[in-house]
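Step one of this worksheet: look at the structure below.
Atoms within a ligand are numbered from 1 in the order they appear, just like the ligands themselves. Predicted model, so just to flag it, every value in this text is computed and none were measured.
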Amino acid sequence: MIDTHSHLNHSDFADDLRETLARADAAGVHNMVIVGYDLSSSHDAIMLSQTYPGLYATVGLHPHSAAEFTADVLQAMRAQAAEHKVVAVGETGLDFYRDLAPRDRQVEAFRALTGLAAELGLPLVVHNRNAHEETLEVLREEAPAEMTVIMHCFSGDQDFAEECRKRDYYLGFTGSVTYPKSEELREVARVYPRRRLLLETDCPWLPPQSHRGRRNESAYLGEIAETIAQVRGEPLIRVQQQTTENARRAFGLGGEEQ
Ligand code: NI
């Protein structure tokens with residue numbers, strides 16, 4: 001399996017990164033996309049991906065940090081995105097739930113990074129919380145039709161999922177799909193097209209139900225696959241294989257690197 005959204009570049013993993021990678025490997029999670037959320041974490045993601053086989057990097061600025069966005073940051077990210085093993089731009093997007101950066105700055109950074117992905121022909125990893133309409137509006141205006149768009153940690157209802165389906169977006173499912181109260185999310189996972197489903201931990205955050213209250217890590221990815229297999233009434237192995245194939249297609253990963 002491939003963890004398509006992992007923050008092993010976060011300081012929570014500084015002391016036991018090797019052990020964390022070994023546990024993931026033992027759990028059948030052989031590849032991870034390490035997602036950048038500002039300039040320095042994007043740099044760290046690139047360094048990790050160039051150090052360890054099986055890891056890939058993205059370059060992005062989280063909406064919480066959108067106040068840091070400047071033309072210089074964009075220029076630096078353009079250079080980072082050209083590095084070996086960078087496979088996407090993001091995460092970027094809008095978070096109108098926690099509102100940790102002014103909304104107009106979030107929109108400005110999101111527009112610019114979507115433009116960068118378009119310029120470089122890279123997939124876009126989108127963070128959206130309580131900003132469905134505004135997110136779709138930016139994508140409608142800035143993302144070319146052929147761009148691969150990944151709605152990371154999908155959190156919408158059926159109507160929003162339907163809008164995403166019409167645009168052929170990938171949906172990333174985290175441990176939140178395993179939570180007892182997430183019936184609506186499981187319904188989306190049940191009916192969404194199989195070729196557009198992705199597994200992601202978003203670790204160190206959002207541990208699946210059996211690990212709640214602790215640090216999340218890529219080794220726990222399988223629990224998300226189990227929940228999706230259950231709700232779709234499909235064999236676990238089929239969900240594992242399909243989501244792995246989807247991740248390779250979405251991020252353009254080679255099949256050779258384990
Ligand atoms: Ni994330």
Side-chain angles (χ1 to χ4, degrees), residues 1-14 17 20 24 29 31-46 48-49 55-69 77 80-81 86-101 106 109-110 113-114 116-117 122-132 135 148-156 164 169-179 182 185 197-208 211-212 214-221 223-224 243 247 250-251:
M1 288 178 285
I2 301 176
D3 185 353
T4 62
H5 195 111
S6 166
H7 297 293
L8 295 180
N9 47 350
H10 190 274
S11 57
D12 279 12
F13 295 107
L17 181 66
T20 303
V29 183
N31 298 87
M32 293 139 216
V33 178
I34 314 300
V35 173
Y37 42 93
D38 58 13
L39 264 183
S40 91
S41 64
S42 297
H43 171 82
D44 293 344
I46 294 165
L48 287 175
S49 71
L55 303 190
Y56 300 88
T58 76
V59 170
L61 184 68
H62 197 283
H64 292 344
S65 300
E68 295 169 17
F69 182 75
M77 289 193 167
Q80 287 182 326
V86 172
V87 294
V89 171
E91 56 187 300
T92 178
L94 304 173
D95 195 314
F96 292 177
Y97 178 68
R98 295 188 63 196
D99 272 325
L100 293 186
Q106 294 188 39
F110 183 28
L113 286 174
T114 304
L116 181 64
L122 287 172
L124 185 71
V125 178
V126 176
H127 174 111
N128 154 43
R129 208 143 170 230
N130 287 20
H132 301 338
T135 296
T148 297
V149 173
I150 294 136
M151 301 301 270
H152 140 67
C153 192
F154 183 80
S155 63
C164 293
Y169 294 166
Y170 286 83
L171 302 191
F173 288 91
T174 61
S176 60
V177 79
T178 68
Y179 300 166
S182 300
L185 190 54
L197 301 173
L198 295 173
L199 306 178
E200 54 168 271
T201 60
D202 202 17
C203 65
W205 301 288
L206 293 174
H211 297 279
R212 275 182 103 165
R214 280 177 274 168
R215 182 188 72 175
N216 192 14
E217 57 180 72
S218 294
Y220 305 158
L221 191 70
E223 193 168 331
I224 301 161
T243 53
F251 289 96

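- Annotation: salt bridge (charged side-chain N to carboxylate O under 4.0 Å, His left out) contacts of D12 (sequence neighbours excluded): none.
- Remark: Y170 engages R196, R249 in a side-chain hydrogen bond (donor to acceptor under 3.5 Å, both in side chains) (not counting sequence neighbours).
- With a cut-off of 2.8 Å, the protein N/O/S atoms near the Ni ion (ligand 1) add up to 4.
- In terms of the salt bridge (charged side-chain N to carboxylate O under 4.0 Å, His left out) criterion, R212 has no residue partners (sequence neighbours excluded).
- T4 approaches E200 most closely through the heavy-atom pair OG1-CB, 3.4 Å.
- The minimum heavy-atom distance between L113 and V89, with the atom names listed, is O-CG1, 3.6 Å.
- The backbone N or O of S176 lies less than 3.5 Å from a partner atom in the side chain of S182, making a donor-acceptor pair.
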